[in-house]
*Asks:* 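To start, I am sharing the structure in question, which I have written as structure tokens.
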Amino acid sequence: MSPHILILGGTTEARELAAALAARPGVRVTTSLAGRVTRPGAVAGEVRIGGFGGAEGLADWLRQEHVDALVDATHPFARAITAHAARAAAATGVPSVVLRRPGWRPGPGDRWHPVDSLDEAARLLPSLGRRVFLTTGRMELAAFAHLTELHFVVRSVELPEPPMPPHTEVLLARGPFTAADESRLLHDHCIDVLVTKDSGGTATSAKLTAARELALPVVVVRRPALPDGVTAVPDVAGVERWLELDRA
């Protein structure tokens, strides 16, 4: 019987993994997307849109669809779905793994200010600058809504949801962006501080390079810890090794 692998997706690595698994003869791969983006990129294999209804709903789906392995390839900050996946896998006995790209590390010349939450980032901002390039996601602007004295530039694929700071300029754009692109944006908008999450990877790291070159402070929100007992691998090849699929 063909193995059925469920990928909890939404990241570049999830799409790469789906393509690699779908190309294997006899492997059924389903990618689940939350549906928060109206026009997601193309994904190989079967695609499921929408939530499961918590850990219990996900466990029911794993049983009903006879899933043989679960790969959590969601965003490193998707705390809730990662917790649900761990609970569902434990409840059903389905083997599971988390695909997490390595986090960023500061280098020479970086002016990073690591924090543990968006609220902590908001408290720190007024001491660092007045014009903020905010890249923490379009659905998480509420933590900064009370900062009425600061000007925010927010870049998003789709329009962000309120509440948000009163002085917010929205740039609709889809990456990846080069360091030259980011340097131009920071210069044109007179940005003096950058706020970002430690998403890791190269797709969104150019802004860090630009900030370093311009000697700008960067507030970096640390990743949440993974649930206890969860196995994590850093790349698609690591998942393929974990799955132990024949390469024939």
Side-chain angles (χ1 to χ4, degrees), residues 3-18 20-21 29-37 40 43 48 50-63 67-106 112-121 135-137 139-140 143 195-205 208 218-245:
H4 184 193
I5 299 165
L6 174 63
I7 301 172
L8 303 179
T11 60
T12 299
E13 290 83 4
R15 290 193 296 273
E16 293 173 352
L17 177 62
L21 296 181
V29 56
T30 301
T31 298
S32 176
L33 302 175
R36 293 177 178 176
V37 177
V43 180
R48 179 191 180 281
F52 291 93
E56 292 76 14
L58 176 54
D60 288 342
W61 200 91
L62 295 176
R63 296 186 187 100
V67 172
D68 298 289
L70 169 62
V71 181
D72 175 4
T74 57
H75 192 275
F77 284 82
R79 187 196 304 261
I81 186 60
T82 293
H84 293 166
R87 287 170 52 195
T92 59
V94 172
S96 67
V97 70
V98 174
L99 171 54
R100 284 289 185 274
R101 69 188 77 136
W104 292 319
R105 295 291 182 268
W112 285 17
H113 298 265
V115 297
D116 290 321
S117 67
L118 294 175
D119 290 336
E120 188 178 346
T135 64
T136 56
M139 302 181 71
E140 296 185 300
V195 182
T196 188
K197 294 177 176 179
D198 180 15
S199 300
T202 60
T204 59
S205 64
L208 299 174
V218 181
V219 180
V220 180
V221 183
R222 297 185 181 97
R223 297 177 174 189
L226 290 171
D228 291 340
V230 168
T231 298
V233 296
D235 52 28
V236 169
V239 175
E240 291 182 297
R241 288 191 296 270
W242 176 83
L243 288 169
E244 297 182 342
L245 295 173

*Asks:* Could you tell me which non-hydrogen atom of Ser32 sits nearest to which non-hydrogen atom of Leu6, and how far apart they are?
*Replies:*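 That closest heavy-atom pairing would be CB-CD1, 4.1 Å.
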*Asks:* Got Phe77 and Thr136 here, is their nearest side-chain heavy-atom distance under 4.5 Å?
*Replies:*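 Of all side-chain heavy-atom pairs linking Thr136 with Phe77, none is under 4.5 Å.
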*Asks:* Check Pro3 against Asp68 and note the closest heavy-atom contact, atom names and distance.
*Replies:* CA-OD2, 3.3 Å
*Asks:* Please evaluate residues Val236 and Glu240 with respect to the criterion side-chain contact (heavy atoms from CB on, under 4.5 Å), reporting the C-alpha separation (whole Å), side-chain torsions for both, the decisive distance (0.1 Å), and the verdict.
*Replies:* CA-CA 6 Å; Val236 169; Glu240 291 182 297; 4.0 Å; yes
*Asks:* Give the minimum heavy-atom separation between Ala14 and Ala73, together with the two atoms involved.
*Replies:*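 Scanning both residues completely, I find the closest heavy atoms to be CB-CB, 3.7 Å.
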*Asks:* Using every non-hydrogen atom in the two residues, find where Pro76 and Arg223 come nearest and quote the distance to one decimal.
*Replies:* CB-NE, 3.8 Å
*Asks:* Please round to the nearest 0.5 Å and tell me the distance separating atom CG of Leu33 and atom CZ of Arg48.
*Replies:* 10.0 Å
*Asks:* Val195 and side-chain contact (heavy atoms from CB on, under 4.5 Å): which single residue from Val220, Val219, Thr135 fits?
*Replies:* Val219
*Asks:* Looking at OG1 of Thr11 and CG of Asp72, how far apart are the two atoms once the value is rounded to the nearest 0.5 Å?
*Replies:*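 These two atoms lie 9.0 Å from each other.
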*Asks:* Measure the spacing between CG of Leu243 and CD1 of Ile5 and express it to the nearest 0.5 Å.
*Replies:*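 The distance works out to 4.5 Å.
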*Asks:* Where do Ala143 and Leu118 come nearest, in terms of heavy atoms and distance?
*Replies:* CB-CB, 3.8 Å
*Asks:* Can you tell me how far CD1 of Ile81 sits from NE2 of His75, rounded to the nearest 0.5 angstrom?
*Replies:*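 The NE2 atom of His75 sits 14.5 Å away from the CD1 atom of Ile81.
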*Asks:* Decide, yes or no, whether a salt bridge links Asp198 with Arg222 under the criterion of side-chain N to carboxylate O below 4.0 Å.
*Replies:* no
*Asks:* Can you confirm whether Thr30 sits close enough to Trp61 that some side-chain heavy atom of one is under 4.5 Å from a side-chain heavy atom of the other?
*Replies:*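 Yes - at least one pair of side-chain heavy atoms lies under 4.5 Å apart.
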*Asks:* Flag the pair Leu99 / Trp242 as yes when at least one side-chain heavy-atom distance between them is below 4.5 Å, and no otherwise.
*Replies:* no
*Asks:* Distance check, rounded to the nearest 0.5 Å: Arg105 atom CZ versus Leu208 atom CG?
*Replies:* 12.5 Å
*Asks:* Please find the pair of heavy atoms, one from Ala55 and one from Ala88, that lie closest to each other, and give the distance.
*Replies:*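 Nearest pair, atom of Ala55 first, then Ala88: O-CB, 3.6 Å.
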*Asks:* Is the shortest heavy-atom distance from the side chain of Leu21 to the side chain of Ile7 under 4.5 Å?
*Replies:* yes
*Asks:* How about Arg241 and Asp235: do any of their side-chain heavy atoms sit closer than 4.5 Å?
*Replies:*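 Side-chain contact under 4.5 Å: yes.
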*Asks:* Hey, does Arg87 have a side-chain heavy atom less than 4.5 Å from the side chain of Glu56?
*Replies:* yes
*Asks:* Kindly indicate, with the supporting measurements, whether the criterion side-chain contact (heavy atoms from CB on, under 4.5 Å) is fulfilled by Phe52 and Leu8.
*Replies:* CA-CA 11 Å; Phe52 291 93; Leu8 303 179; 3.9 Å; yes
*Asks:* Answer yes or no: is there a side-chain heavy-atom contact under 4.5 Å between Arg100 and Thr82?
*Replies:*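 Side chain of Arg100 against side chain of Thr82, heavy atoms only: contact under 4.5 Å found.
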